[in-house]
Structure formats: C-alpha cells, structure tokens
Amino acid sequence: MSKFTDFNFNGHKALIRVDFNVPLDKQTFAITDDTRMTATIPTIKKILGDGGSVILMSHLGRPKDGPEDKYSLKHVVAHLSELLGGVTVKFADDCIGASAVELSASLKAGEVLLLENLRFYKEEEKGDEAFAEKLSKLGDVWVNDAFGTAHRAHASTAVIAKFYPVEKRFFGFVMEGEVVAAEKVLHKAEKPFCAIIGGAKVSDKILIIENLLERATDIIIGGGMAYTFMKAMGGKIGNSLCEEDRIQTAIDLLKKAEAKGVNIHLPSDSIIADKFAADANTSTAPSNNIPDGWMGLDIAADACNQFTNVIENSRTILWNGPMGVFEMEKFQHGTKTVAIAVANATAKGAFSLVGGGDSVAAVNQFGFADKVSYVSTGGGAMLEYFEGKVLPGIAAVQS
Ligand code: AMP
C-alpha cells in the first residue's frame with residue numbers, strides 16, 4: 001500500500017469505499033446523524049485538492065432483494081454537496097452498468113460522483129469477484145475509508161483489492177486513524193495498560209477479554225456481565241443479569257488471568273433496583289450479596305473509587321462497554337465516573353481509546369468525546385480488531 005498523505009492524486013480517478021450508512025428519518029429521509037459522512041470529508045477533500053476526481057461507493061441499510069427507495073443513496077446527495085462546501089455531487093442510479101461507467105469516465109478533476117447503494121446487488125455481500133471487477137473499472141486507484149465494514153470480506157471492502165496493484169491501494173484518513181489508534185493499544189501499549197470492559201453479556205466479550213489477557217496489566221469488568229463473574233465466584237446476585245451457560249467461562253477467564261498475573265477488577269458494590277425500569281426503587285449492596293428480588297444495574301460508590309484509582313494510574317486505556325444501564329438516569333453514575341477517570345488519565349498523558357458500541361454513545365452523551373485520545377467509529381470492526389482478528393478490509397489494502 002502507498003501512504004495516502006504522500007500520494008498526489010492529480011489526474012487520478014479515486015474510487016473510495018466510504019461508510020455512508022447513516023440513519024434516515026423514515027418519512028422525510030432526512031439524515032438524522034451525519035457523523036459517518038463528516039468523518040470522511042477530509043479524505044475526499046485531499047483528493048479533490050490534489051486535482052483528482054472522486055467516485056464514492058457505500059452501502060445503506062439492509063435492502064433484502066434489490067433496489068428499494070428507502071435505501072437509496074440519492075437521499076444523501078444534497079447533504080454531501082453541502083459538506084463539501086457546495087461541490088456538485090453527481091449520482092449514478094446503479095453502482096455498475098452503463099450509466100456508472102459513462103459518468104465516471106466523463107468525471108473531470110475536482111468532480112464527485114456517488115454510486116447507488118452497493119447492497120442492491122447480492123454480489124456485494126457475497127464478495128463476488130466479477131462484481132468487484134466491474135466496480136474496479138470505475139477508478140484507477142482504490143481508497144478504503146470505511147472502517148465500519150472493515151471486518152467484512154465484501155466485494156467493495158476487500159475482494160476489489162486484487163484488481164489494483166498494491167501501490168494503488170490506500171487507507172483514507174478515517175481508516176488510517178482507526179488502525180493507528182488500535183495498533184497503539186494492541187501492540188505498542190505503554191504500561192500500566194488498563195482495559196475497561198462492560199456491557200450486557202459475557203458471551204459477547206469472551207474473545208476480547210482472552211486477547212487482552214495477553215496484553216493488559218489490569219482488566220476492569222463492569223456492567224451486566226460482572227454478575228456472571230460474581231456468581232462464578234460464589235456470590236449471590238439476586239435477579240441481576242446472569243448467563244448460566246457462561247459461568248464456567250468466567251471461572252476459566254479468572255484462572256487464566258491469575259496465571260498470567262493480570263489484575264481483574266470486579267465492582268465491589270452495586271446500585272441495585274427492584275425492577276428494570278427508570279422509576280425503580282434503588283439501594284446499594286455488595287455486588288456479591290444482592291438480595292432476592294433485586295438486580296444490580298450500576299456500579300456503586302466503592303466500585304467507582306476502586307475503578308477510578310486503577311484508571312487514573314494507567315498509561316494506556318481501552319474502554320468498551322458501559323458500567324451500568326446508562327440509558328436510565330438512575331443508573332448512569334458509574335459510567336459517567338469512568339468517563340471522568342478516563343478523561344483525567346488522558347489529561348495526565350495516558351493514551352485512551354474508546355471503541356465499540358455503547359461506550360462510544362456514553363462518552364458522546366456525557367460530552368467526553370474530546371477529552372479522550374480517540375473515539376472509534378467502527379463498532380463491530382473495532383471489537384473484532386480487539387479480539388485479535390485480521391480484518392479483511394485492512395489486510396486487503398496492506399498486502
Ligand atoms: P453491550 O452492547 O454489550 O456493550 O451492552 C450495552 C448494554 O448493556 C446497554 O444497553 C446497557 O444498558 C446494558 N447494561 C449495562 N449494565 C447492565 C446491567 N447491570 N444490567 C443490565 N444491562 C446492563
């Protein structure tokens with residue numbers, strides 16, 4: 001691969017895989033969150049600024065069987081033009097075929113063409129080679145800037161690579177930022193390295209914890225998943241979330257951690273509730289002694305201090321998953337406290353990465369996104385990266 005920043009795109013037609021899978025209002029089709037679009041604007045601008053032209057391809061939603069108006073990328077054209085400062089965005093109503101070929105062939109320097117939803121063709125998700133080859137004819141260089149789909153070996157995200165020599169494959173700025181941040185945590189972490197893992201289920205996080213046991217000095221386990229660990233250690237957890245079939249897994253993970261000298265931190269106490277509801281009655285209890293009829297929905301004061309202490313003494317921090325049911329005000333204090341601790345550690349020079357799903361929503365909701373080193377945009381992709389998997393969308397550009 002060549003380095004995106006160093007390459008001069010003057011005279012080139014760059015085919016860029018972007019992630020414009022943005023949420024749309026069901027009635028008006030207005031974009032309700034344009035984060036994924038704004039993220040990739042610098043990549044597009046760099047190419048246009050060099051004197052190149054840009055052909056954008058993306059998926060949108062999950063169309064079942066061919067074209068569907070509600071999943072058409074035509075709904076994002078006007079906003080894209082606005083984000084690019086008024087540059088006209090042409091639209092090909094089919095991502096392959098005569099119109100796409102003609103429009104891309106006649107594209108001049110500084111011009112932008114957006115292709116219709118790739119997933120209107122089943123071939124995209126199947127990673128069909130012939131389909132990928134057709135797409136590759138539209139641009140002479142390929143830029144992958146869609147980190148959100150980097151864990152999929154689809155036609156436009158990975159298979160297409162074989163139709164470009166390695167020096168004509170690039171990561172855009174979004175992809176590069178994500179890869180650099182993840183590599184820093186996974187392979188160049190300064191110690192102490194603390195991983196904060198929360199969220200609902202142990203089953204979703206087993207692989208990530210196993211991989212982190214090889215790398216982290218401390219692993220904080222919070223959220224609903226902590227109670228399966230509590231039960232595994234002989235605790236009484238009332239009605240708290242528990243995956244009975246993962247109790248043995250929890251025991252094995254605890255044993256492995258001990259053997260490797262990794263400190264596992266479980267919440268000493270919990271905010272408990274008499275029902276899973278915003279208006280539940282609440283109290284506090286040791287996390288391993290929750291009364292019958294009650295459930296742990298957040299970490300409590302001692303656990304907050306315990307976790308803050310570990311986090312603020314770390315040099316590298318990875319955070320995936322909330323400490324409690326942060327969507328309800330009564331149970332968001334623990335997640336907020338962890339966000340503050342991560343921000344404080346970052347201010348003291350630690351490198352902090354928040355990645356994967358709800359912890360990203362939490363730092364955004366609490367206004368901490370600019371107080372951590374990096375917030376990942378790729379939920380599932382970042383999770384798989386932390387699990388130690390090779391992501392096809394990354395490997396395709398690099399090799
Ligand atoms: P995940 O997608 O696995 O990161 O899980 C996030 C979800 O876990 C959020 O919707 C939280 O409300 C939920 N969650 C966090 N802590 C708890 C808890 N103690 N009990 C039940 N659900 C929880």
Side-chain angles (χ1 to χ4, degrees), residues 148 151 195-212 219-232 235-246 249-250 253 265-291 293-304 306-307 318-339 342 353-366 375-387:
H151 55 320
I196 310 160
I197 308 295
K201 289 184 174 169
V202 178
S203 45
D204 291 343
K205 309 283 163 96
I206 294 167
L207 295 174
I208 213 178
I209 295 176
E210 279 193 336
N211 191 30
L212 289 168
I219 301 181
I220 288 174
I221 297 177
M225 59 185 289
Y227 301 100
T228 301
F229 282 86
M230 285 293 166
K231 188 152 187 194
K236 191 169 165 284
I237 60 167
N239 288 350
S240 306
L241 212 60
C242 180
E243 286 169 277
E244 295 288 343
D245 57 342
R246 299 295 172 176
T249 309
L253 287 172
H265 305 271
L266 288 156
S268 49
D269 56 355
S270 293
I271 302 289
I272 56 171
D274 59 357
K275 58 178 173 180
F276 188 90
D279 63 349
N281 292 307
T282 61
S283 184
T284 304
S287 302
N288 61 0
N289 195 14
I290 296 176
W294 292 73
M295 62 187 84
L297 293 186
D298 195 7
I299 59 171
D302 283 350
C304 283
Q306 177 197 356
F307 290 180
L318 167 66
W319 182 13
N320 174 278
M323 296 292 99
V325 185
F326 74 103
E327 298 94 332
M328 300 179 195
E329 210 183 332
K330 281 188 178 176
F331 311 111
Q332 61 182 217
H333 182 257
T335 303
K336 227 184 224 172
T337 302
V338 162
V342 175
L353 193 164
V354 183
D358 278 344
S359 37
V360 173
V363 288
N364 285 329
Q365 184 181 322
F366 301 144
V375 180
S376 171
T377 56
M382 199 43 117
L383 260 183
E384 291 199 17
Y385 211 151
F386 293 145
E387 287 171 357

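Reckoned from all heavy atoms, side chains included, excluding hydrogens, waters and symmetry mates. In each ligand, atom 1 is the first atom listed, and ligand 1 is the first ligand listed. Residues: numbered from 1 along the sequence shown.
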| said: Any heavy-atom pair between the side chains of C242 and Y227 that's under 4.5 Å? | reply: no

| field | Y227 neighbourhood, listing ligand 1 atoms whose heavy-atom distance to it stays under 4.0 Å | value | 19 (N)

| query | Quick one: does ligand 1 sit under 4.0 Å from the side chain of V325, the backbone, both or neither, non-hydrogen atoms only? | reply | both

| task | Please say whether F276 places an N or O atom under 3.5 Å from an N or O atom belonging to ligand 1. | result | no

| query | If you measure only the distance, is there a donor-acceptor pair under 3.5 Å linking the side chains of N288 and K236? | reply | no

| query | Taking distance alone, with no angle check, do E327 and ligand 1 share an N/O pair under 3.5 Å? | reply | yes

| request: Output the list of atoms in ligand 1 that are nearer than 4.0 Å to some heavy atom of G296, sorted by atom number. | output: 18 (C), 19 (N), 20 (N)

| Passing option when W294 is tested against S270, S240, S283 for side-chain contact (heavy atoms from CB on, under 4.5 Å) | S283

| task | Measure from the side-chain N and O atoms of N364 to the backbone N and O of V360, and report whether any donor-acceptor pair falls under 3.5 Å. | result | yes

| task | Please state whether F331 comes within less than 4.0 angstrom of ligand 1, counting heavy atoms only. | result | no

| query | Does G224, backbone or side chain, put an N or O under 3.5 Å from an N or O of ligand 1? | reply | yes

| Gap between atom CG of N239 and atom CG of D274 - 0.5 Å precision | 10.0 Å

| remark: Closest to atom 15 (C) of ligand 1 (heavy atoms only, candidates G379, A361, A200, G324) is G324

| said: Check contact between K205 and ligand 1, using heavy atoms of the residue and a distance below 4.0 angstrom. | reply: yes

| query | Does K201 NZ have over 12 foreign heavy atoms under 6.0 Å away? | reply | no

| query | Under 3.5 Å, is there a donor-acceptor pair between the E243 and T228 side chains? | reply | no

